[in-house]
Amino acid sequence: MREQNYFNESEYQWLMAKLGKISSSKCSVLFQGGKRPMTPAELAEEKANKGRRTTVDTLFGDGAVTYLQSLVCELTTGEVAEDRDFKQLEWGKANEMDAILRFQDITGLSVDYHGISNPVFIKYGDFAGGSPDGTILNPYEDAICECKCHWNGAIHMKKLLIRSVDEFKDKFWEEYCQDQMNMAVTGKKNCYSISYDPRKKDPRLQIKIIRIPIDNEWQAEFETRLESAIEMMADINSDIDKYLLIK
């Protein structure tokens, strides 16, 4: 059954390509840990060692587990459960190309644009992938770009005050993870994070550009978490039959 919340054929094909796959836009949830009650055996061992913990750390928190379950749901229904903010989406469609053009004028770099109005999904193995907004064409720049046109102008204002990559990583962790995974997906070493708000009266304040290098520590941890996430999805899918009848 065709999705009802798409706007053109290219977006529909994009939605189908990413069905059931861990995406760069959501990968930050894989870094959120959680806690669970200790099993009787673990509790006994902890008491024997004179410890007092009643919970243990787990690799994934509730948000990550819910996300992975939603991907299994997509695989079992053939329909993508997209959470769409239509106002934000339309704002992005209206302004993202202008942002790319401004970026090219400022940096002198050329961009192969395939963002919000013409998205592509690049697979990363069989169960993951990403959708970078553009690839830098200049041969001396091994880079992609990610463009954000925030409907909420306060977010752009917050980005204008960012002074370093580390500060961006701290304050915009979800975007940082998206940038890093898209670098992994494309094999690129840098990502230009672009924020654009044409409503600013001063043209200088309309755009913010941050060049983010590949983070090898992030990449190594991501590979570990991605492998575990894929295993969890496989376990959920293979165990479904056990829960169909509870008595």
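Any value given below was found using the heavy atoms of this structure, including those in side chains, with hydrogens, waters and symmetry copies removed.
- Defined by atom type and a distance below 3.5 Å, a donor-acceptor pair is missing between the side-chain atoms of Glu141 and Asn190.
- Of all heavy-atom pairs spanning Ala99 and Ile207, the tightest one is O-CD1, 4.0 Å.
- If you look at Phe172 and Tyr176, their ring centroids are not closer than 6.0 Å.
- Although no hydrogens or angles enter the test, the distance criterion places a donor-acceptor pair under 3.5 Å between the side chain of Arg225 and the main chain of Leu59.
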Verdict with reasoning, Lys159 to Ile210, per side chain to side chain contact (heavy atoms under 4.5 Å, CB included):
CA-CA 9 Å; Lys159 286 184 176 178; Ile210 305 174; 5.7 Å; no

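- The cluster map of Ile, Leu, Val, Met, Phe, Trp and Tyr, joined by side-chain heavy atoms under 4.5 Å apart, puts Leu19 and Val72 in the same cluster.
- Side chains of Cys177 and Trp218 form a contact here, defined as non-hydrogen atoms less than 4.5 Å apart.
- Between Phe168 and Ile212, some side-chain heavy-atom pair lies under the 4.5 Å cut-off.
- Within the 4.5 Å cutoff, the side chain of His114 has heavy atoms near those of the Pro132 side chain.
- Between the side chain of Asp170 and the main chain of Asp166, no donor-acceptor pair closer than 3.5 Å is present.
- Note: Ile162 CD1 to Lys208 NZ = 7.0 Å, rounded to the nearest 0.5 Å.
- Between Val165 and Pro213, some side-chain heavy-atom pair lies under the 4.5 Å cut-off.
- Around CD of Glu174, the count of heavy atoms belonging to other residues, nucleotides or ligands within 6.0 Å does not exceed 12.
- Remark: side-chain polar atoms of His150 are not paired, donor with acceptor, to backbone N or O of Ser195 under 3.5 angstrom.
- Leu109 and Leu137 are members of different hydrophobic clusters when ILVMFWY side chains are connected at heavy-atom separations under 4.5 Å.
- A distance-only check finds no donor-acceptor pair linking the side chain of Ser23 to the backbone of Gly130 [under 3.5 Å].
- Between Leu71 and Lys21, the closest side-chain pair of non-hydrogen atoms is not below 4.5 Å.
- The side-chain heavy atoms of Cys149 and Ile194, taken from C-beta on, include no pair separated by under 4.5 Å.
- Annotation: the span from Ser238 atom OG to Met233 atom CE amounts to 12.0 Å, rounded to 0.5 Å.
- Ring planes of Trp173 and Phe31: perpendicular class, angle over 60° (limits at 30 and 60°).
- In terms of hydrophobic clustering, with Ile, Leu, Val, Met, Phe, Trp and Tyr side chains grouped at heavy-atom distances under 4.5 Å, Tyr192 and Leu160 are assigned to different clusters.
- Rounded to the nearest 0.5 angstrom, Asp235 CG and Leu68 CG are separated by 11.0 Å.
- Expressed to the nearest 0.5 Å, how far CD of Gln180 lies from CD of Glu221 amounts to 12.0 Å.
- Formation of a donor-acceptor pair under 3.5 Å by the Asn138 side chain with backbone atoms of Ser110 is found in this model.
- The backbone N or O of Cys73 lies less than 3.5 Å from a partner atom in the side chain of Thr76, making a donor-acceptor pair.
- Contact detail for Tyr124 and Ala184: the closest heavy-atom pair is CE1-O, 3.5 Å.
- Side chain of Glu167 to main chain of Arg163: a donor-acceptor pair is present (N/O by atom type, distance under 3.5 Å, no hydrogens or angles).
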What verdict does the salt bridge (Lys or Arg N to Asp or Glu O under 4.0 Å) test give for Lys188 and Asp142, after you've listed the backbone C-alpha separation in whole Å, the side-chain angles of each residue and the deciding distance to 0.1 Å?
CA-CA 5 Å; Lys188 300 297 184 180; Asp142 189 21; 3.7 Å; yes

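- A continuous path of ILVMFWY side-chain contacts below 4.5 Å connects Val29 to Leu75, so both sit in one hydrophobic cluster.
- For the side chain to side chain donor-acceptor pair (under 3.5 Å) with Lys148, the lone residue among His156, Glu96, Gln178, Glu175 that qualifies is Gln178.
- Linking ILVMFWY side-chain heavy atoms closer than 4.5 Å, directly or via other members, places Met157 and Ile209 in two distinct hydrophobic clusters.
- Geometrically, Arg102 does not engage Tyr196 in a cation-pi contact defined by less than 6.0 Å to the ring centre and at most 45° from the axis.
- Here CG of Leu15 is found 9.0 Å from CD of Glu74. Values are rounded to the nearest 0.5 Å.
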What's the verdict on salt bridge (Lys or Arg N to Asp or Glu O under 4.0 Å) for Asp215 and Lys169, showing C-alpha distance, side-chain angles and the deciding distance?
CA-CA 11 Å; Asp215 182 338; Lys169 177 180 179 180; 3.3 Å; yes

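- Of the possible donor and acceptor atoms, one in the side chain of Asp133 sits under 3.5 Å from a partner among the backbone N and O of Cys147.
- In this structure, Lys18 is positioned above the aromatic face of Trp14, its NZ or CZ under 6.0 Å from the six-membered ring centre and within 45° of the axis.
- A donor atom on one side chain and an acceptor atom on the other are not found under 3.5 Å apart for Asp112 and Thr135.
- Considering OG1 of Thr186 and CE of Met181, their distance stands at 11.0 Å, rounded to 0.5 Å.
- In plain terms, the two heavy atoms of Cys145 and Ile136 that are nearest each other are CB-CD1, 4.4 Å.
- Looking at Phe103 and Val111, their side chains come closer than 4.5 Å, going by heavy atoms from C-beta outward.
- Taking every heavy atom of both residues into account, Ala229 and Leu30 meet most closely at CB-CD2, 4.0 Å.
- Asp197 has its side chain within reach of Trp91: a pair of non-hydrogen atoms, C-beta onward, lies under 4.5 Å apart.
- A cation-pi arrangement is present between Arg199 and Trp151, with the terminal nitrogen or guanidinium carbon under 6.0 Å from the aromatic centre and inside a 45° cone about the axis.
- Nearest heavy atoms, Glu146 versus Cys191: CG-SG, 3.9 Å.
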